[in-house]
Amino acid sequence: MLKTRITSIGKHAGSKEDGLIILFDDSASDKLRDVSMIHEKLSDSEQNYALAVGQKVAFDEQEYEITYLGPLVESNLMSIGHTVFDFHEVPTDPRPNAIYLRPHGEPDVHVGTVITFGK
């Protein structure tokens with residue numbers, strides 16, 4: 001299980017209309033920070049990647065089920081803290097760097113929100 005905390009939200013990252021949350025760790029460029037949420041791993045929890053379809057991702061107490069994991073999610077998440085949470089139906093050609101979640105519709109996220117991957 002992975003646990004991270006949102007440390008900053010870019011000025012163009014908080015729009016609920018697009019149904020996406022873009023995450024990066026602190027290594028993100030200024031341009032990426034503008035459209036992303038920056039997060040940091042929580043040092044007081046075990047940090048291993050063990051995500052699978054059917055598991056949960058929680059944003060504080062708001063839980064979502066993983067419906068698709070792109071083939072680039074593990075390498076990107078573990079190396080640069082990057083993934084895209086997509087709150088839409090899985091399309092015919094899904095994003096390779098995305099975690100698709102349901103129910104559809106973004107959670108309430110703010111600086112300090114804890115994200116738990118793989119509940």
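Since the model is a prediction, treat every value here as computed from it, not as a measurement.
- Put simply, NZ on Lys56 and CD on Gln62 are 14.0 Å apart, with the number rounded to the nearest 0.5 Å.
- With a 4.5 Å cut-off on side-chain heavy atoms, Ile21 and Val109 count as touching.
- The side-chain heavy atoms of Thr67 and Val53, taken from C-beta on, include no pair separated by under 4.5 Å.
- Taken to the nearest 0.5 Å, the NE2 atom of His12 stands 12.0 Å off from the CG atom of Asp18.
- Sorted by first then second residue, the salt bridge (charged side-chain N to carboxylate O under 4.0 Å, His left out) pairs that include residues 75-100, not counting sequence neighbours, are Asp86-Arg95.
- Under the side chain to side chain donor-acceptor pair (under 3.5 Å) criterion, Glu63 pairs with Lys119, not counting sequence neighbours.
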Begin from the C-alpha positions of Val57 and Ile115 and carry the test side-chain contact (heavy atoms from CB on, under 4.5 Å) through to its verdict.
CA-CA 7 Å; Val57 173; Ile115 302 172; 3.9 Å; yes
Evaluate the side-chain contact (heavy atoms from CB on, under 4.5 Å) criterion for residues Met37 and Ile22: first the C-alpha distance (whole Å), next the side-chain angles of each, then the deciding distance (0.1 Å), finally the verdict.
CA-CA 6 Å; Met37 295 188 187; Ile22 301 169; over 6 Å; no
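- The shortest non-hydrogen separation linking Pro107 to Phe87 is CD-CZ, 3.4 Å.
- With sequence neighbours left out, the side chain to side chain contact (heavy atoms under 4.5 Å, CB included) criterion links Val111 to Ile9.
- Within the hydrophobic cluster formed by Ile, Leu, Val, Met, Phe, Trp and Tyr side chains joined at under 4.5 Å, directly or through other members, Tyr68 is accompanied by Val90, Tyr100.
- Legend: residues meeting ring pair (Phe, Tyr, Trp, His ring centres under 6.0 Å) with Phe85, ordered by chain and number and at least two apart, are Phe59, Phe117.
- Closest approach of Ser36 to Ala13, counting heavy atoms only: O-CB, 3.4 Å.
- Residues satisfying the side chain to side chain donor-acceptor pair (under 3.5 Å) criterion with Asp26, sequence neighbours excluded, are Arg33.
- Summarising the geometry, atom CD1 belonging to Ile99 is positioned 6.0 Å from atom CG belonging to Leu77; distances are rounded to the nearest 0.5 Å.
- Residues Pro91 and Pro94 come closest through the heavy atom pair O-CD, 3.4 Å.
- With values rounded to the nearest 0.5 angstrom, Ile66 atom CD1 is found 5.5 Å from Gln55 atom CD.
- Residue pairs meeting the side-chain hydrogen bond (donor to acceptor under 3.5 Å, both in side chains) criterion with at least one member in residues 73-85, sequence neighbours excluded, are His82-Asn97.
- Through side-chain heavy atoms spaced under 4.5 Å, either directly or across other Ile, Leu, Val, Met, Phe, Trp or Tyr residues, Leu72 is tied to no other residue.
- Within the 4.5 Å cutoff, the side chain of Phe24 has heavy atoms near those of the Ile80 side chain.
- For the salt bridge (charged side-chain N to carboxylate O under 4.0 Å, His left out) condition, the pairs that include at least one residue of residues 64-73, sequence neighbours left out, are Glu65-Arg102.
- The CD atom of Glu40 sits 10.0 Å away from the CD1 atom of Ile6 when rounded to the nearest 0.5 Å.
- Taking 4.5 Å as the limit, every side-chain heavy atom of Met1 sits out of range of all side-chain heavy atoms of Leu51.
- With sequence neighbours excluded, the residues that form a side chain to side chain donor-acceptor pair (under 3.5 Å) with Thr4 are His39.
- With sequence neighbours excluded, the residues that form a side chain to side chain donor-acceptor pair (under 3.5 Å) with Ser27 are Asp25.
- The shortest side-chain heavy-atom distance between Ile38 and Leu32 does not fall under the 4.5 Å cut-off.
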Going through the checks in order, is the side-chain contact (heavy atoms from CB on, under 4.5 Å) test met by Asp60 and Thr116?
CA-CA 8 Å; Asp60 291 329; Thr116 304; over 6 Å; no
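- Contact annotation: the side chain of Leu42 approaches that of Val114 to within less than 4.5 Å [non-hydrogen atoms, C-beta and beyond].
- Between Leu2 and Met78, some side-chain heavy-atom pair lies under the 4.5 Å cut-off.
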